[in-house]
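Remember, it's 1-based here, ligands and their atoms both numbered in the order they're listed.
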Amino acid sequence: VLDTPELLANRAASGFAARARSAVQARGEFTVALSGGSTPAALYGLLASPRFCGYILWPSVRVFWGDERCVPPDDADSNFAAADRALLSRVPLPNANVHRMKGELEPRLGALDYREQLRAHFGESTTRFDLVLLGLGPDGHTASLFPHTQALEVVDSTCVANHVRTAPVAPWRLTLTYPAINAARAVWFLVEGEGKAQIAAEVLDGPENVLALPAQGVRPSDGELLWMLDRAAARLLK
Ligand code: 6PG
C-alpha cells in the first residue's frame, strides 16, 4: 500500500525497470503485457521520462497487451493508442517489438491473430510473460475477464474474444485468459482511488467467487502476485 497515486506509479516504475533489467540479463529479453484503463498512464509516463527511460534496454523489451477493446488502433478507447501515446512513441522501442491486439479485426479473428503472435514468440510451449500488468474494474473484472462471461471458462487457449454486455466501452473485447496470465513470472495489479476501495476489499478479503469477481481467478502457478494499491483504494482492507 502506497500513500499516494504518485508513489504507486513510482514504485511500479522502479519495479518494472528492475524486472526488465534482470529478465534481459537472465534470458536476453523482457516480455511484458500492458494493461488498459486509466490507472497505468502515470506509470507509462514515468517509464518514458529521463529518470527511467535510459535505465531500460528497450531494444530487448517485447510489449504485449492483457486486453484490448475491439476498436481501431487510433480510436480514443484503444488500449494500444493509450500506451502508444504515453510510452511507446516516446522510447527507443523498435516497432517490431510491439505486439498489439488487433481490435480492428472481427473479434474472433483478432483473437486468432493474437494467439498466433503469442505462438510465434513463445513457441508451442507455455506462453510465459515476465510481467503482466493488470487493473481492477469496479465490478471485479480484470483484463477483459468480466463477471459471468465466457472467457472465464477458457482453459485451453491463450487469448479469446469476449462479449461483454455490461462493458462501459466497446462490448467486444480481446483478452488474455487465466492460463496465459497465471503462467507469468509476475503479475501486478495497480489499483488506485476511493472508488476502488469496496471492490478491492471484496476481491482480496471476501469469500471466493471467481465468476462474480474475476480478479480472484488471477493466481500465478509459479510466479509472483503483487497488488499495489494507494491508501484510498486500500481503505477497507482488513
Ligand atoms: C480495459 C482494462 C481493464 C482496466 C480496469 C481498470 O481495457 O478496460 O484493461 O481491465 O484495467 O477496468 O481500469 P482503470 O484503470 O481505468 O480503473
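Per-residue contacts place Gly135 under 4.0 angstrom from the following atoms of ligand 1 (heavy atoms of the residue considered): 11 (O). Near Asn79, the atoms of ligand 1 lying under 4.0 angstrom from a non-hydrogen atom of the residue are 1 (C), 7 (O). Counting the atoms of ligand 1 from 1 in the order shown, those under 4.0 Å from a heavy atom of Gly137 are 5 (C), 12 (O). The distance from ligand 1 to the heavy atoms of Arg173 drops below 4.0 Å at these ligand atoms: 1 (C), 7 (O), 8 (O).
The main-chain N or O of Asn182 is found under 3.5 Å from a side-chain atom of Ser221 such that the two form a donor-acceptor pair. Checking side-chain atoms of Arg235 against main-chain N and O of Arg231 turns up no donor-acceptor pair under 3.5 Å. In terms of modelled atom types and a separation under 3.5 Å, the side chain of Thr142 and the main chain of Leu134 share no donor-acceptor contact. Without hydrogens or angle criteria, Arg173 side chain to Ala161 main chain gives no donor-acceptor distance under 3.5 Å.
Residue-to-ligand polar distances place Gly36 within reach of ligand 1: an N/O pair is separated by less than 3.5 Å.
When only non-hydrogen protein atoms are considered, atom 13 (O) of ligand 1 lies nearest to Gly37 CA, 3.8 Å. Protein heavy atom closest to atom 8 (O) of ligand 1, with residue, atom name and distance, is Arg69 NH2, 2.9 Å. Closest to atom 17 (O) of ligand 1 among all protein heavy atoms lies Lys196 NZ, 2.5 Å. Closest to atom 1 (C) of ligand 1, if we only count protein heavy atoms, is Asp67 OD2, 3.3 Å.
In this structure, a donor-acceptor pair under 3.5 Å is present between the side chains of Ser144 and Asp67.
With a 4.0 Å heavy-atom cut-off, ligand 1 is reached by the side chain of His141 but not by its N, CA, C or O. At a 4.0 Å heavy-atom cut-off, ligand 1 touches Thr39 through backbone and side chain alike. The backbone of Ala143, and not its side chain, has at least one atom closer than 4.0 Å to an atom of ligand 1 (non-hydrogen atoms only; backbone = N, CA, C, O). Counting heavy atoms under 4.0 Å from ligand 1, residue Leu136 touches it through the backbone alone.
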TODO: Kindly indicate, with the supporting measurements, whether the criterion salt bridge (charged side-chain N to carboxylate O under 4.0 Å, His left out) is fulfilled by Glu202 and Lys196.
DONE: CA-CA 10 Å; Glu202 279 177 47; Lys196 298 287 171 68; over 6 Å; no
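The ring-ring contact (aromatic ring centres under 6.0 Å, His included) pairs that include a residue from residues 66-106 are Phe64-His99, Trp65-Phe80, His99-His121, where partners are two or more places apart or lie in different chains.
Ranked by closest heavy atom to atom 16 (O) of ligand 1, the top entry among Ser144, Ser38, Gly193 is Ser38.
Linking ILVMFWY residues whenever their side-chain heavy atoms come closer than 4.5 Å, directly or via other members, leaves Val218 and Val164 in distinct clusters.
Side-chain contact between Leu105 and Asp113 is present, with heavy atoms from C-beta onward closer than 4.5 Å.
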